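Since the model is a prediction, treat every value here as computed from it, not as a measurement.
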Amino acid sequence: MNVSPTQLLAVLGVALAVLWVWRASARRARRAADAARNSARLLSLAGRVLAGAVVLTGVQWLAFTYPGAPWLLRVAALGLPALFSSYTLTKALTVTTVDYPAAKRGGRR
């Protein structure tokens with residue numbers, strides 16, 4: 001079986017083109033899956049935040065509309081959600097490490 005160099009180059013070119021198209025489609029599918037996963041996480045997070053807000057609002061509403069509610073229940077109904085939210089915000093906004101740029105070798109000492 002005689003294969004000319006032109007035929008060999010054509011087969012290699014087609015194989016490379018198929019490989020290139022396959023990798024591009026796999027990359028596109030991976031990006032689409034990541035985007036779907038991230039949007040699902042966002043919706044899940046939004047749902048949990050909304051459910052938590054509804055529960056906290058309901059407890060606070062009950063504590064303040066119930067006529068015989070003791071003052072400790074009213075303080076707890078306002079204080080505990082404030083503690084949780086302040087902890088979360090403090091943790092999210094606090095810088096715990098400082099990254100220094102790597103020292104350059106061969107520079108002045």
Side-chain angles (χ1 to χ4, degrees):
M1 176 156 94
N2 289 334
V3 178
S4 69
T6 306
Q7 290 173 335
L8 183 61
L9 284 175
V11 168
L12 286 176
V14 169
L16 285 175
V18 167
L19 181 65
W20 181 67
V21 168
W22 177 74
R23 284 184 50 114
S25 66
R27 196 175 301 127
R28 192 177 313 122
R30 199 171 327 135
R31 281 191 210 129
D34 287 343
R37 214 176 0 260
N38 288 338
S39 66
R41 285 184 195 139
L42 178 64
L43 291 177
S44 176
L45 177 65
R48 286 183 293 196
V49 168
L50 185 62
V54 166
V55 168
L56 289 175
T57 303
V59 169
Q60 289 174 346
W61 180 79
L62 283 174
F64 282 96
T65 57
Y66 185 71
W71 66 273
L72 188 59
L73 178 64
R74 291 181 182 186
V75 169
L78 290 177
L80 287 177
L83 285 174
F84 287 132
S85 62
S86 66
Y87 172 77
T88 304
L89 285 173
T90 303
K91 191 171 181 178
L93 299 176
T94 301
V95 177
T96 56
T97 61
V98 177
D99 295 331
Y100 294 104
K104 294 181 182 177
R105 292 183 180 241
R108 295 179 116 183
R109 294 184 185 179

Tracing side-chain contacts under 4.5 Å among Ile, Leu, Val, Met, Phe, Trp and Tyr outward from Trp20 reaches Val21
Item to check | Flag if over 12 foreign heavy atoms under 6.0 Å of CZ, Phe64 | outcome: yes
For Ala63 and Ala69, the nearest pair of non-hydrogen atoms, with its separation, is O-CB, 3.3 Å
Separation between CG (Leu16) and CG (Leu9), nearest 0.5 Å, reads 10.5 Å
CG (Leu83) and CG (Leu78) are apart, to the nearest 0.5 Å, by 11.0 Å
Taking every heavy atom of Ala76 against every heavy atom of Pro81, the minimum-distance pair comes out as O-CD, 3.8 Å
Here the gap from Ser25 atom OG to Arg30 atom CZ, rounded to the nearest 0.5 Å, amounts to 10.0 Å
Interatomic distance, OG1@Thr65 vs CD@Gln60, rounded to 0.5 Å, equals 11.5 Å
